[in-house]
Amino acid sequence: RGLHTGWVLRTTGQGGRAGRVQEEVLVAMSGMGASGSDGDAQTYANVSISLSGPSDGSVISEAAYANVVSFTVTPTLSGNTSAALTYQWQYLNGSGAMVSIPANTAPIKWANPTTATLQARPATTANNGTVLRVIVTAADEGVTATSANVTLTVA
């Protein structure tokens, strides 16, 4: 059996007509092999996320934690444009791994690491070159987009 694809109408929501939404989704069908099954189905997400930003940011470190720099990402949804989004900003740690940014911790005091705009208050120029990115997720749709890496410059 080959791969078969097609569009189906899916209804989501509860209650009467006013509380339900109908939308078309793509379904892929493929054979299960010798078991004689009619196939399995996988529903592809009906939303996609494209990101603009963030861009590199600079801050002057005249006094520890005194100056703020912001990094902003702007997601654009196609398909289900009302999908709820979550954000998780990450930084490249000393071990070479991207890790989630905790709020308000040294040596850089971070604010809003789970929103579209991350704020950073670096302590010293030792924080120069910190690499950041953000992961944007539409959890109900099972879709994730990761931004390009950007750099924090502290002078």
Side-chain angles (χ1 to χ4, degrees), residues 3-14 21-30 32 39-155:
L3 179 66
H4 304 284
T5 61
W7 290 93
V8 297
L9 192 60
R10 178 175 81 173
T11 302
T12 57
Q14 298 177 346
V21 175
Q22 287 190 329
E23 54 202 7
E24 286 188 316
V25 294
L26 181 62
V27 175
M29 306 289 281
S30 63
M32 295 294 288
D40 62 348
Q42 178 179 350
T43 303
Y44 291 92
N46 62 341
V47 67
S48 65
I49 305 170
S50 60
L51 301 176
S52 59
S55 58
D56 293 339
S58 309
V59 66
I60 296 173
S61 180
E62 294 174 352
Y65 306 117
N67 296 309
V68 177
V69 61
S70 296
F71 300 89
T72 301
V73 66
T74 305
T76 302
L77 298 174
S78 61
N80 179 4
T81 57
S82 63
L85 299 177
T86 61
Y87 301 84
Q88 182 57 65
W89 288 87
Q90 298 181 322
Y91 73 98
L92 185 63
N93 71 9
S95 300
M98 294 300 274
V99 295
S100 294
I101 294 176
N104 206 27
T105 57
I108 299 174
K109 291 190 177 180
W110 305 101
N112 309 317
T114 57
T115 67
T117 300
L118 172 73
Q119 292 182 330
R121 291 178 187 264
T124 68
T125 56
N127 305 124
N128 184 51
T130 300
V131 175
L132 307 166
R133 73 178 182 189
V134 63
I135 298 173
V136 181
T137 303
D140 290 345
E141 302 291 337
V143 176
T144 299
T146 302
S147 74
N149 290 349
V150 294
T151 303
L152 168 62
T153 301
V154 184

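Met98 and Asn149 make their closest contact through CE-OD1, 4.0 Å (heavy atoms, listed as atom of the first residue, atom of the second, distance). The minimum heavy-atom distance between Ile49 and Pro75, with the atom names listed, is CG2-CB, 4.0 Å. Considering every non-hydrogen atom in both Leu77 and Ala83, the closest pair reads CD1-O, 3.8 Å. Between Leu85 and Ala138, the shortest heavy-atom distance links the atoms CD2-CB, 3.9 Å. The two residues Ser48 and Val143 come nearest to each other via the heavy atoms CA-CG1, 4.4 Å. Taking every heavy atom of both residues into account, Ser70 and Thr117 meet most closely at CB-CG2, 4.0 Å.
Counting heavy atoms of neighbouring residues, nucleotides and ligands inside a 6.0 Å radius, atom CG of Asp140 does not exceed 12 of them.
Of the possible donor and acceptor atoms, one in the side chain of Ser52 sits under 3.5 Å from a partner among the backbone N and O of Thr74. Listed for the Asn112 side chain is no donor-acceptor partner under 3.5 Å among the backbone atoms of Gln119. Of the possible donor and acceptor atoms, one in the side chain of Asn67 sits under 3.5 Å from a partner among the backbone N and O of Ile60. Distance alone, capped at 3.5 Å, is enough to place a donor-acceptor pair between the Thr124 side chain and the Ala126 backbone. A side-chain donor-acceptor contact under 3.5 Å links Ser147 to the backbone of Val134.
Two residues are said to be in side-chain contact when any heavy atoms from C-beta on lie closer than 4.5 Å; Ile108 and Arg121 fail this criterion.
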Chi angles and distances behind the side-chain contact (heavy atoms from CB on, under 4.5 Å) call for Leu132, Ile101: CA-CA 9 Å; Leu132 307 166; Ile101 294 176; 3.8 Å; yes

Stepwise side-chain contact (heavy atoms from CB on, under 4.5 Å) check, Tyr91 with Val131: CA-CA 6 Å; Tyr91 73 98; Val131 175; over 6 Å; no

Chi angles and distances behind the side-chain contact (heavy atoms from CB on, under 4.5 Å) call for Thr144, Ile135: CA-CA 7 Å; Thr144 299; Ile135 298 173; 3.2 Å; yes

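Across Val68, Asn128, Leu152, a single residue satisfies side-chain contact (heavy atoms from CB on, under 4.5 Å) together with Val59, and that is Leu152.
Ring pair Phe71/Trp89 is tilted by interplanar angle, where 30° to 60° counts as tilted.
Atom OG1 in Thr72 sits 8.5 Å away from atom CG in Leu118 (nearest 0.5 Å).
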